[in-house]
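So the structure is just underneath, and the comments pick up after that.
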Amino acid sequence: MIRITLTLLLLITATALAADPKEDDLRLDKASIPFHKGTVVAHSWLSFVPPIRYSDDYITKATIGAGYCFADNHSLNINAHGMVIDQEGGEAAQGSELSIMGRYHFFNREKLTVYFDGGVGYTWLDSPQPKGGTTYNFNPLVGFGAGYQLRENLWLIGGARYFHMSNARQHGGEKNPGYDGVECYLGVLITLN
């Protein structure tokens, strides 16, 4: 799963570099592209991750992060997350995560943007999660989202991502129970220039 996520990040980057307009290209002026090359973004969201497939636990996350548009409509973002995992039996695990994500805004019309994003994170927890696993995990995630412009530099964003958590067999398959869920989130994005 980590290979798939990294491959998607590379594809987002390659697409951006291949589609980057030249200075004399008359397609659109920079003012009409809300996430033009050189834009710095800050974002924050709250998310809830219900389990899918064989997983049982529910995850609540709070995120803050920043990014840079290295090409028109393409950004690379670094995020910090705090999380609480409601485990079966009423116990809770708490932890933090750092992630790196790529985002591609493939549709921009007036006050609406639709994007694809994905990346990978690394989580530290105060107890093994999923049960029988380790206190650290890798977290590939990928999904779609949309934003609505509330003010000139302020966007309401939301979406859903596939979220996976496991230690990538660092201690063998028997100590690598995986977790799968759908991360549903709602937050804000601010363009800083």
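Atom set for the values below is all heavy atoms of this structure, side chains included, hydrogens, waters and symmetry mates excluded.
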Can you run down the salt bridge (charged side-chain N to carboxylate O under 4.0 Å, His left out) pairs that involve residues 106-115, sequence neighbours left out, and say none if there aren't any? none
Heavy-atom side-chain proximity of [X] to [Y] below 4.5 angstrom:
| X | Y | result |
| --- | --- | --- |
| L98 | Y122 | no |
| L46 | K61 | no |
| I100 | V120 | yes |
| M165 | I85 | yes |

More than 12 heavy atoms of other residues, nucleotides or ligands under 6.0 Å from OH of Y58: yes or no? no
Over 12 foreign heavy atoms within 6.0 Å of CD1, I64: no
Only one of T113, N73, D72 passes side chain to side chain donor-acceptor pair (under 3.5 Å) with H105; say which it is. T113
Polar side-chain atom of [X] near backbone of [Y] as donor-acceptor pair, under 3.5 Å:
| X | Y | result |
| --- | --- | --- |
| H74 | R103 | no |
| S44 | T63 | yes |
| N137 | N167 | yes |

Between [X] and [Y], what is the shortest heavy-atom contact and its length?
| X | Y | result |
| --- | --- | --- |
| F35 | T191 | CE2-CG2, 3.8 Å |
| A93 | S127 | CB-OG, 3.4 Å |
| A42 | L192 | CB-CD1, 4.3 Å |

According to the interplanar angle, ranging from 0 to 90°, do the rings of F138 and Y136 count as parallel (below 30°), tilted (30 to 60°) or perpendicular (above 60°)? perpendicular
From W155 atom CH2 to Q149 atom CD, the distance as rounded to the nearest 0.5 Å: 4.0 Å
Determine whether F48 and L186 fall in the same hydrophobic cluster, where Ile, Leu, Val, Met, Phe, Trp and Tyr are linked whenever their side-chain heavy atoms lie under 4.5 Å apart. no
Can you hop from V182 to V84 via hydrophobic side chains spaced under 4.5 Å? no
Centre of Y185's six-membered ring, under 6.0 Å away, within 45 degrees of the axis: is that where NZ or CZ of R161 sits? yes
Taking the ring centre of each residue, are F106 and Y115 less than 6.0 Å apart? no
Under 3.5 Å, is there a donor-acceptor pair linking the side chains of [X] and [Y]?
| X | Y | result |
| --- | --- | --- |
| S55 | D180 | no |
| W124 | S96 | no |
| D57 | Q129 | yes |

Candidate pair F116 and Y104, rule ring-ring contact (aromatic ring centres under 6.0 Å, His included), full reasoning: CA-CA 5 Å; F116 167 81; Y104 170 45; 7.9 Å; no
